[in-house]
Amino acid sequence: MINKGSERILIIGANGQLGSVLTEALKDKYDEEHVIASDLYLNEEYDGIFEIIDATNKSRIQTIVSKYNITQIYHLAAILSAKGEEQPLNTWEINMKTWLNVLEVSRISGISKVFYPSSIAVFGDNAQKDNTPQHSFLDPSTVYGISKVAGENWAHYYYLKYGLDVRSLRFPGIIGYQSMPGGGTTDYAVDIYHKAVKQEKFSCFLKSDTTLPMMFIDDAIRATLELMEAPADKIKVRTSYNISGVSFSPSEVVNSIQKIYPDFEVVYSPDFRQKIARNWPGSINDSEAKKDWGWKQKFNLDDITSVMINKLKEKYKAKSLI
Ligand code: AKB
C-alpha cells in the first residue's frame with residue numbers, strides 16, 4: 001500500500017517524452033503538491049510545482065531535495081543514442097555526472113527509492129539478437145549505451161555498498177502521443193504516426209526490415225510504477241530489468257497504419273541510425289521481470305496504431321491543423 005501523504009517525489013527531466021507523462025501519472029497517484037517536476041527549462045504549460053534543475057549541478061539537486069523533503073527521485077535526464085553520437089565525450093560527461101549527482105544526493109539525504117531508466121542500447125553485437133536474455137554480454141556501440149551500462153553498474157554499487165534502493169528498467173523505444181522523443185534511434189516510430197495523421201509522406205531513416213523492441217507509453221508508465229511499488233525483496237535485479245513490449249519493423253508499422261490510411265506512403269533513406277539499430281536486439285526476454293514483480297505488457301502493434309491515430313487526430317483537429 002502506498003502511503004500517499006508521506007512520499008515526496010522529484011522528477012528530473014520532467015519535460016521529456018517519458019518524464020512529461022510519468023509526472024502526470026505520479027500526480028494521480030500521490031498528493032499533487034508532493035510531486036515536484038524539474039528540468040533545465042521551465043515548462044510554461046505545466047500545471048503544478050516546477051523547479052529549474054541542471055542536474056550536472058549537485059548542490060542544486062541537494063537544495064531542491066532539502067526544500068521539499070524529497071523521499072523519491074526519478075532521474076530521467078539523459079542524451080539519447082543518436083544525438084549522443086554528435087558529441088560523445090559531452091554525452092558521457094552529462095549522462096554520468098547527472099546520474100552520479102543523483103546517487104550521491106540520494107545517499108546523503110536518505111532518499112528511500114530512486115528510479116533510473118536504462119535502455120536496450122546496453123546490448124551490442126555480442127548479445128543474442130532475438131529474445132535477448134537478462135544476463136547478456138554488454139558491449140554497446142554508442143556512448144549512450146556505454147553510459148547506461150556504467151549507470152546500471154553504479155546503481156548496483158550504491159545498492160550493495162550503501163543499501164540505496166535504486167530500481168531500473170531497460171526501456172525499448174517508447175511510443176506515445178503526448179510528446180515527441182528527442183535524439184533517439186527509435187524516434188521514427190513516433191514520427192511516422194504524426195505524418196500518417198497529417199496525410200504526409202514519411203521518410204524513414206531505418207531500413208524497412210529493421211526490427212526493434214518497442215513499447216506503448218501506457219505500458220512504460222505502468223512498468224515504472226509497478227516496479228517502484230513492488231516490495232523491495234521482490235527486486236532481485238539491481239542493475240536493470242529487461243522489459244518487453246512489442247517488436248516490429250518499419251514495414252510492419254506501415255502495414256498497421258495502412259489498415260486505417262490505405263494511401264499512406266513511405267520512402268526509406270537509411271542514415272547513421274541504421275548502424276546503431278543493427279547492433280540492438282530485435283526482441284527482449286523479460287522473464288525475470290515477469291517472475292520477480294509480475295510484469296506483463298498489454299499493447300500490441302495494432303492497439304498502439306489505433307490509440308496513436310485517434311489521439312493525434314484529436315490533437316491536430318483541436319489546433320485546426322488537419
Ligand atoms: C533511443 O533510441 O536512443 C532510445 C532508447 C531505445 O533508449 N529510445
Side-chain angles (χ1 to χ4, degrees), residues 13 15-22 74-88 90-92 94-96 98-99 115-125 127 129 132 136 138-152 155 168-194 204-207 210-221 223-224 239-250 253 270-284 286 297 304 308:
N15 293 350
Q17 188 202 15
L18 185 62
S20 55
V21 187
L22 183 62
Y74 291 71
H75 175 56
L76 307 174
I79 300 182
L80 300 185
S81 58
K83 178 98 185 124
E85 294 307 289
E86 286 168 16
Q87 287 190 314
N90 189 42
T91 300
W92 171 259
I94 289 174
N95 287 3
M96 293 319 298
T98 56
W99 180 218
F115 179 74
Y116 178 66
S118 186
S119 162
I120 54 161
V122 296
F123 301 111
D125 226 11
K129 285 276 179 285
T132 308
S136 296
L138 303 179
D139 58 346
S141 65
T142 59
V143 66
Y144 169 67
I146 300 172
S147 74
K148 287 299 181 189
V149 173
E152 289 185 1
S168 174
L169 297 171
R170 288 175 176 157
F171 282 119
I174 295 173
I175 302 171
Y177 52 88
Q178 297 93 331
S179 56
M180 296 299 278
T185 303
T186 56
D187 293 8
Y188 90 86
V190 176
D191 200 20
I192 195 166
Y193 287 109
H194 286 260
C204 186
F205 58 70
L206 297 183
K207 287 188 186 164
T210 312
T211 299
L212 288 173
M214 301 280 183
M215 180 175 281
F216 189 51
I217 188 90
D218 290 21
D219 274 343
I221 300 296
T224 305
T239 47
S240 188
Y241 275 101
N242 277 11
I243 45 164
S244 174
V246 281
S247 282
F248 58 75
S249 64
V253 69
D271 65 16
F272 71 101
R273 288 168 280 195
Q274 177 62 33
K275 204 165 143 203
I276 298 176
R278 210 184 50 210
N279 267 281
W280 287 355
S283 60
I284 298 289
D286 60 1
Q297 145 273 351
I304 296 174
M308 285 297 285

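Counting begins at 1 with the first residue of the sequence. Just so you know, these numbers use all the heavy atoms, side chains as well, and skip hydrogens, waters and symmetry mates. When a ligand or atom number is given, it counts from 1 through the structure's own listing order.
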> Keeping the roles fixed (side chain from Asn95, backbone from Lys148), state whether a donor-acceptor pair exists under 3.5 Å.
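Absent.
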
> Is there a polar contact, in the sense of an N or O pair closer than 3.5 Å, between Asp187 and ligand 1?
no

> Go through ligand 1 atom by atom and flag the ones less than 4.0 Å from a non-hydrogen atom of Ser119.
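Numbered from 1, ligand 1 contributes 5 (C), 6 (C), 7 (O).
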
> Only one of Asn279, Val149, Asn242, Asp139 forms a side chain to side chain contact (heavy atoms under 4.5 Å, CB included) with Phe123, so which one is it?
Asn242

> Taking only Lys NZ, Arg NE, NH1 and NH2, and the carboxylate oxygens of Asp or Glu, determine whether Lys129 and Asp125 approach each other closer than 4.0 Å.
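Yes, charged N to carboxylate O under 4.0 Å.
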
> Any nitrogen or oxygen of Tyr144, main chain or side chain, under 3.5 Å from a nitrogen or oxygen of ligand 1?
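Yes, Tyr144 has an N/O under 3.5 Å of an N/O on ligand 1.
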
> For atom 4 (C) of ligand 1, what is the closest protein heavy atom, and at what distance to 0.1 Å?
Thr186 OG1, 4.0 Å

> By number and element, which atoms of ligand 1 are closer than 4.0 Å to a non-hydrogen atom of Leu80?
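Close to Leu80: 3 (O).
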
> Taking atom types as modelled and ignoring hydrogens, do the side chains of Thr210 and Gln274 form a donor-acceptor contact shorter than 3.5 angstrom?
yes

> Under 4.0 Å from ligand 1, counting heavy atoms only, is it the side chain of Ala121, its backbone, both or neither?
neither

> Taking atom OG1 of Thr142 and atom CD1 of Ile79, what is their separation to the nearest 0.5 Å?
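Reported to 0.5 Å precision, the distance equals 12.0 Å.
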
> Which residue and atom name correspond to the protein heavy atom nearest atom 2 (O) of ligand 1, and how close is it?
Thr185 N, 2.7 Å

> Could you list which atoms of ligand 1 come closer than 4.0 Å to a heavy atom of Ser81?
1 (C), 2 (O), 3 (O)

> Between Glu85 (side chain only) and Val143 (backbone N and O only), is there a donor and an acceptor less than 3.5 Å apart?
yes

